[in-house]
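A quick write-up on the structure given underneath.
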Amino acid sequence: MGVNSSDLEGIQKAAILLITLGPEKAATIFKHLKEDEIEQLTLEIANTRSVSPAEKEIVLNEFYEVCLAQQYIAEGGIGYAKDLLQKALGEEKAKEVLGKLTASLQVRPFEFIRKTEASQILNFIQDEHPQTIALILSYLSSTQAAGIVSTLSPEKQTDVVRRIALMDRTSPDVIKEVEGILEQKLASLVNQDYTIVGGIDSVVEVLNTVDRGTEKHIMEELEIGDPELADEIRKKMFVFEDILMLDDRSIQRVLREVENSELAIALKGANEEVQNVIFNNMSTRLSAMIKEDMEYMGPVRMKDVEEAQQKIVNIIRKLEDSAEIVISRGGGDEIVV
């Protein structure tokens, strides 16, 4: 009686693959696995008494096909992988391999388009309702989402960002419907459950990645339409610890605008890395003075620390607006020529 791939469970296939590859290669693979996965595989390998040449060949072939599919997806996305696999393996086999791969890769909805260029995704969704666009962007990386937001029409940009910020829970049925549209175009299918997406943090990630012009336009529009939401977003746009994103010249420029007493209070609640960066950008005499102030002021209320840090953040944003400093961010505006 012959053996085929469906006769073996996933853990059995993995064990056979590692046995076939040998101890050195298996040890290298183990370095990339979680502890519980290593334990399961070790137990399975120990319980595998013998592996026939036919089983080895079946598992190796399947592994090769999945690796090939993964490479094609990385190079050009699902559609590209499907075309090449159909030519190499035939339509039915290609569908089977892609099905296995996408099932193993998907850990959240829309995972299958996270490897797709933002420009390609835009072609599929730019004419959709802003709520649909907001849902999809909530599941993408901040870089992908920023690339799409930057390309949307100005009036749609603000609407989509606002919808992302206000999004809470989305039912599986709605997600399935939206995925169904993309499925027809990208030939992929995923399953999902109720998931919390969007929110203020999601918007902040996007706005911190888009170019400065797009960010300013969106925030100005939000100030008019929903000032409370705009204020909440702005508070999270740049936190005090993000001062690590500034170069030395910019930090020195900021410090010239900050009162020593405010700086001492702000640093009182800062981590060691932030403190070191600040102290390294001032004279030895001044840093000694600030450290002495911090030591003698004793315990400080967290509210006072946050207020002092926010004042410095406001100075940083003001200096960035006037182009006196540059905050390292996505969208290419960290490049100085």
Query - Over 12 non-hydrogen atoms of neighbours within 6.0 angstrom of CD in E273 - result: no

Query raised in the report: Between the main-chain N or O of E57 and the side-chain N or O of N61, is there a donor-acceptor pair closer than 3.5 Å?
Result: yes

Query raised in the report: Is a donor on one side and an acceptor on the other found under 3.5 Å between the side chain of Q157 and the backbone of V149?
Result: yes

Query raised in the report: Would D159 and R162 satisfy salt bridge (Lys or Arg N to Asp or Glu O under 4.0 Å), going step by step from the backbone distance to the final call?
Result: CA-CA 5 Å; D159 193 8; R162 183 174 179 277; 5.5 Å; no

Query raised in the report: Quick one: does S322's side chain have a donor or acceptor within less than 3.5 Å of a partner on L319's backbone?
Result: yes

Query raised in the report: How many angstroms lie between atom CZ of R301 and atom CD of E306, to the nearest 0.5 angstrom?
Result: 11.0 Å

Query raised in the report: Please walk me through it: do Q310 and N314 pass side chain to side chain donor-acceptor pair (under 3.5 Å)?
Result: CA-CA 6 Å; Q310 189 58 47; N314 292 340; 3.1 Å; yes

**Report entry** Test applied, side-chain contact (heavy atoms from CB on, under 4.5 Å); reference residue, I325; option that passes from I315, D247, I316
**Finding:** I316

Report task. For the residue pair E295 and E292, establish whether any side-chain heavy-atom pair is separated by less than 4.5 Å. Result -> no

Query raised in the report: Is a side-chain N or O of D231 found less than 3.5 angstrom from the main chain of P227, in a donor-acceptor match?
Result: no

Query raised in the report: Looking at side-chain heavy atoms only, is the closest gap between T20 and V59 below 4.5 Å?
Result: no

Query - I278 with I265, same ILVMFWY side-chain cluster at under 4.5 Å - result: no

Query - Interatomic spacing from CZ in R253 to CG in D248 - rounded to 0.5 Å - result: 15.5 Å

Query raised in the report: Looking at F279, does the NZ or CZ of K291 lie under 6.0 angstrom from its six-membered ring centre and within 45 degrees of the ring axis?
Result: yes

Query - Spacing of K56 atom NZ and I58 atom CD1 [to the nearest 0.5 Å] - result: 13.0 Å

Query - Q252 atom CD, neighbour heavy-atom count above 12 within 6.0 Å - result: yes

Query - Flag, side chain of Q275 to backbone of A270, donor-acceptor distance under 3.5 Å - result: yes

**Report entry** Spacing of E228 atom CD and I233 atom CD1 [to the nearest 0.5 Å]
**Finding:** 12.0 Å

Report summary line: Taken to the nearest 0.5 Å, the spacing of K25 NZ from T28 OG1 works out to 8.5 Å

Query raised in the report: Okay, side chain of D226, backbone of L222: is any donor-acceptor separation there less than 3.5 Å?
Result: no

Query raised in the report: So, does K268 use its side chain to make a donor-acceptor pair with the main chain of M294 at under 3.5 Å?
Result: yes

Query - Donor-acceptor contact present, side-chain T158 to main-chain E155, <3.5 Å - result: no

Report task. Report yes if the side chains of M302 and E307 come closer than 4.5 Å at any heavy-atom pair, otherwise no. Result -> no

Query raised in the report: Is the number of heavy atoms from other residues, nucleotides or ligands under 6.0 Å of K156 NZ greater than 12?
Result: yes

Query raised in the report: Is it true that a side-chain atom of S250 and a backbone atom of L246 form a donor plus acceptor pair closer than 3.5 Å?
Result: no

Requested in this report: Please round to the nearest 0.5 Å and tell me the distance separating atom CD1 of I243 and atom CE of M245.
Outcome: 11.0 Å

